[in-house]
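All figures in this text were calculated on a predicted structure; none of them were measured in a lab. Within every chain, numbering begins at 1; the chains are lettered A, B, ... in the order of the sequence lines, protein sequences first and strands thereafter.
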2 protein chains.
Amino acid sequence: MRSFLLRKTAFFRAYFRTFENMSLILQNIAKHIVLTPEEETLFLSKIETRTVKAKTILQNAGQVCQDSYFVNSGLLRSFTINDNIVEHVLSFACEGWWISDMYSLLSQKPGNLFIEVLEDSEVVVLSKTHQDQLYLEIPKLERFFRILIENSLVANQERLMDNLSLTAEERFEKFCKKYPTLIQKLPQKQIASYIGVTPEFFSKMKARMLKK
Amino acid sequence: MRSFLLRKTAFFRAYFRTFENMSLILQNIAKHIVLTPEEETLFLSKIETRTVKAKTILQNAGQVCQDSYFVNSGLLRSFTINDNIVEHVLSFACEGWWISDMYSLLSQKPGNLFIEVLEDSEVVVLSKTHQDQLYLEIPKLERFFRILIENSLVANQERLMDNLSLTAEERFEKFCKKYPTLIQKLPQKQIASYIGVTPEFFSKMKARMLKK
DNA sequence: TTGGGCACTTAATGTAGGTTAAGAAATATT
DNA sequence: AATATTTCTTAACCTACATTAAGTGCCCAA
């Protein structure tokens, strides 16, 4: 009897933990489309959560990307490394954001991006295989991901135009306004890399801005 | 009898012209999804073709964007103008490409982009209203547009990283390889603006490259 | 036919941001 | 607590690209 109870509480703990872990992603989906409880269950059956420690590399350049990640908690980034061994941040992802190497994921060719964990994090893993299955099983998800990608395209276009027309200082100000929570968490060199300047210049620029 | 024949030939002419005008966009769709003949007809009923002359502005910054354009023939571009009255090209669109101000189209807020006709062109116009209807009437189109947008996001991300890590010369070389047909058609200052340099610097750079 | 714009070139000078290097401060590792 | 490693700062010098300005060739409109 006692062992039964033990098993039972373990079951409930796991059950509730799953729900706790998954509620954020379901909320995220619910912002754009409505899933039935059965569809939610099906969706949940295709994903898994994973706890990852800071500095873990989830995706390496040169490899074919198999997974997208949704961040439950913590902080990740994607970046490239060019010939001179200089890193350039493509994107950050904190709570409630998705991150992946879309080029590699879609083309199933080796990618150029690294995906790195910046802070101990909990991520939801969605494999390409499962995502493709889900598109067929729950066609509404086409809409969900279409909307996500539309939003990220718009943000990307704006960033591109900003890089062409604004100074580093202006880009930094915009970044601060747009992602105030990220600023707190990020080491300065990561911000510099996202803005598109060297850490040395960023430091100088920051000092200059403080004087004003 | 004669007038009947006349009407008949007029009908056929219109019929075939419609088909001629629309076959490119249907082919474009067929690359990613399969539509039934009825769905194709429905789709065609929601769009119209329009002949536009060079220098026409199809979309003005400050206005809410209502339409996406698919290019049957000719050449368009989208661009912003910053405070200093400097233009920056976001994208070109020639035969078989889509162009719009996605930010404004999605948010229905005033946009920052201009869309201008560079060469006399024929475009297919798809209004936001019709597009939204189509998503409901032919859910497969969610997939089609998702794929289109995915591809453009990937291209944008690459361009962003290139702007951060490559020199103007390298960006130009990449542009030439990627869009060889565009190079022929575009005035040099448009290329310069896309690459992200002034026309003066571009000219100097070109001279330097020819010497090698 | 002329002339007024527009695209392109060349050249002098200016500057935002890069590079190198060395030290200080903060974090991580033992 | 001590050491190692990474992050940040400062400063001197360098360069890719911008700015300004003046000039050339070309199209096309009156």
Side-chain angles (χ1 to χ4, degrees), chain A residues 53-57 75 77 79 81-89 92 114 116-120 161-175 182-212, chain B residues 53-57 75 77 79 81-89 92 116-120 160-175 182-212:
Chain A
K53 306 212 81 177
K55 297 187 185 176
T56 309
I57 300 286
L75 182 56
R77 67 164 178 150
F79 64 99
I81 298 187
N82 75 4
D83 311 336
N84 316 317
I85 319 173
V86 176
E87 294 179 7
H88 291 278
V89 171
F92 298 112
F114 296 82
E116 183 198 22
V117 181
L118 289 177
E119 275 180 7
D120 294 358
M161 291 295 97
D162 287 349
N163 274 313
L164 294 179
S165 64
L166 304 180
T167 64
E169 209 168 312
E170 292 166 325
R171 276 177 269 144
F172 175 51
E173 276 163 358
K174 228 172 155 174
F175 183 79
L182 275 183
I183 298 286
Q184 322 294 340
K185 295 179 154 202
L186 286 171
Q188 205 168 290
K189 61 179 283 202
Q190 300 298 344
I191 302 174
S193 168
Y194 183 92
I195 298 299
V197 296
T198 58
E200 294 85 351
F201 181 77
F202 187 85
S203 177
K204 192 162 89 181
M205 183 179 92
K206 212 187 73 179
R208 189 175 66 212
M209 288 170 84
L210 280 175
K211 275 192 199 157
K212 295 178 191 169
Chain B
K53 306 213 82 177
K55 297 186 185 175
T56 309
I57 300 288
L75 183 55
R77 67 165 178 150
F79 64 99
I81 298 188
N82 76 3
D83 311 334
N84 316 315
I85 319 175
V86 177
E87 295 179 6
H88 291 280
V89 171
F92 299 112
E116 183 198 21
V117 181
L118 289 177
E119 275 180 7
D120 293 358
L160 189 57
M161 291 295 97
D162 287 350
N163 274 313
L164 294 179
S165 65
L166 303 182
T167 63
E169 207 167 314
E170 292 167 324
R171 274 176 270 144
F172 175 51
E173 276 164 357
K174 230 173 154 174
F175 183 78
L182 275 182
I183 297 286
Q184 322 294 340
K185 295 179 155 203
L186 287 170
Q188 205 168 290
K189 60 179 283 204
Q190 300 298 343
I191 303 175
S193 168
Y194 183 92
I195 298 299
V197 295
T198 58
E200 294 86 352
F201 182 76
F202 187 84
S203 175
K204 193 161 91 183
M205 183 179 92
K206 213 187 72 178
R208 190 174 66 211
M209 287 171 84
L210 281 174
K211 277 194 198 155
K212 293 178 191 167

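- Here the CG atom belonging to Leu164(B) is positioned 5.5 Å from the CG atom belonging to Leu160(B), to the nearest 0.5 angstrom.
- Considering only heavy atoms from C-beta on, Asn163(B) comes within 4.5 Å of Arg171(B) through its side chain.
- Nucleotide dG17(C) holds its P atom 11 Å from the CE atom of Met209(A), rounded to whole Å.
- Checked by atom type and distance alone, the side chain of Asp120(B) pairs as donor or acceptor with a backbone atom of Ala54(B) at under 3.5 Å.
- Atom C1' of nucleotide dC17(D) and atom CZ of Phe172(B) are separated by 16 Å, given to the nearest angstrom.
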Discussion item. Lys55(B) vs Glu116(B), test: salt bridge (charged side-chain N to carboxylate O under 4.0 Å, His left out). Steps then yes/no.
Written reply: CA-CA 6 Å; Lys55(B) 297 186 185 175; Glu116(B) 183 198 21; over 6 Å; no
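- For the pair Asn82(B) CG and dA18(D) P, the computed distance is 12 Å after rounding to whole Å.
- Between the CG atom of Leu164(A) and the P atom of dG17(C) there is a distance of 13 Å, given to the nearest Å.
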Donor-acceptor pairs under 3.5 angstrom involving side-chain atoms of residues 190-199 of chain A: please list them, not counting sequence neighbours.
| from | atom 1 | to | atom 2 | distance (Å) |
| --- | --- | --- | --- | --- |
| Gln190(A) | OE1 | Arg77(A) | NH1 | 2.9 |
| Ser193(A) | OG | Glu87(A) | O | 3.3 |
| Ser193(A) | OG | Val89(A) | N | 2.9 |
| Thr198(A) | OG1 | Phe201(A) | N | 3.2 |

Any protein N or O atoms within reach of nucleotides 3-11 of chain C? Criterion: under 3.5 Å, listing atom names and distances.
| from | atom 1 | to | atom 2 | distance (Å) |
| --- | --- | --- | --- | --- |
| dA7(C) | OP2 | Lys189(B) | NZ | 3.3 |
| dC8(C) | OP1 | Gln188(B) | N | 2.9 |
| dC8(C) | OP2 | Gln188(B) | N | 3.3 |
| dC8(C) | OP2 | Lys189(B) | N | 2.9 |
| dT9(C) | OP1 | Lys206(B) | NZ | 3.2 |
| dT9(C) | OP2 | Gln188(B) | NE2 | 2.4 |
| dT9(C) | OP2 | Ser203(B) | OG | 2.7 |
| dT9(C) | O5' | Ser203(B) | OG | 3.1 |

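- An end-to-end axis angle of 50° holds for the helix from dT1(C)-dA30(D) to dT30(C)-dA1(D), taken from five base pairs per end and rounded to 10°.
- Taking atom CD1 on Ile191(A) and atom C1' on dT7(D), their separation rounds to 13 Å, with Å as the unit.
- Residue Arg171(A) places none of its side-chain N or O atoms closer than 4.0 Å to OP1 or OP2 of dA16(C).
- If you measure from atom CD1 of Ile195(B) to atom P of dC17(D), you get 11 Å, rounded to the nearest angstrom.
- Applying side-chain hydrogen bond (donor to acceptor under 3.5 Å, both in side chains) to Glu169(B) and the options Lys174(B), Lys206(B), Arg208(B) leaves one that passes, Arg208(B).
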request  = Apply side chain to side chain contact (heavy atoms under 4.5 Å, CB included) to the pair Met209(B) and Phe172(B), showing each step before the final yes or no.
outcome  = CA-CA 11 Å; Met209(B) 287 171 84; Phe172(B) 175 51; 3.8 Å; yes
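- For the pair Asn163(B) CG and dA16(D) P, the computed distance is 17 Å after rounding to whole Å.
- The nearest whole Å value for the distance from the CZ atom in Arg208(A) to the P atom in dA11(D) is 14 Å.
- Between the side chain of Ser203(B) and the backbone N or O of Glu200(B) there is no donor-acceptor pair closer than 3.5 Å.
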Which is it for His88(B) and Val86(B) under the side chain to side chain contact (heavy atoms under 4.5 Å, CB included) test, yes or no, and what are the steps along the way?
CA-CA 7 Å; His88(B) 291 280; Val86(B) 177; 3.7 Å; yes
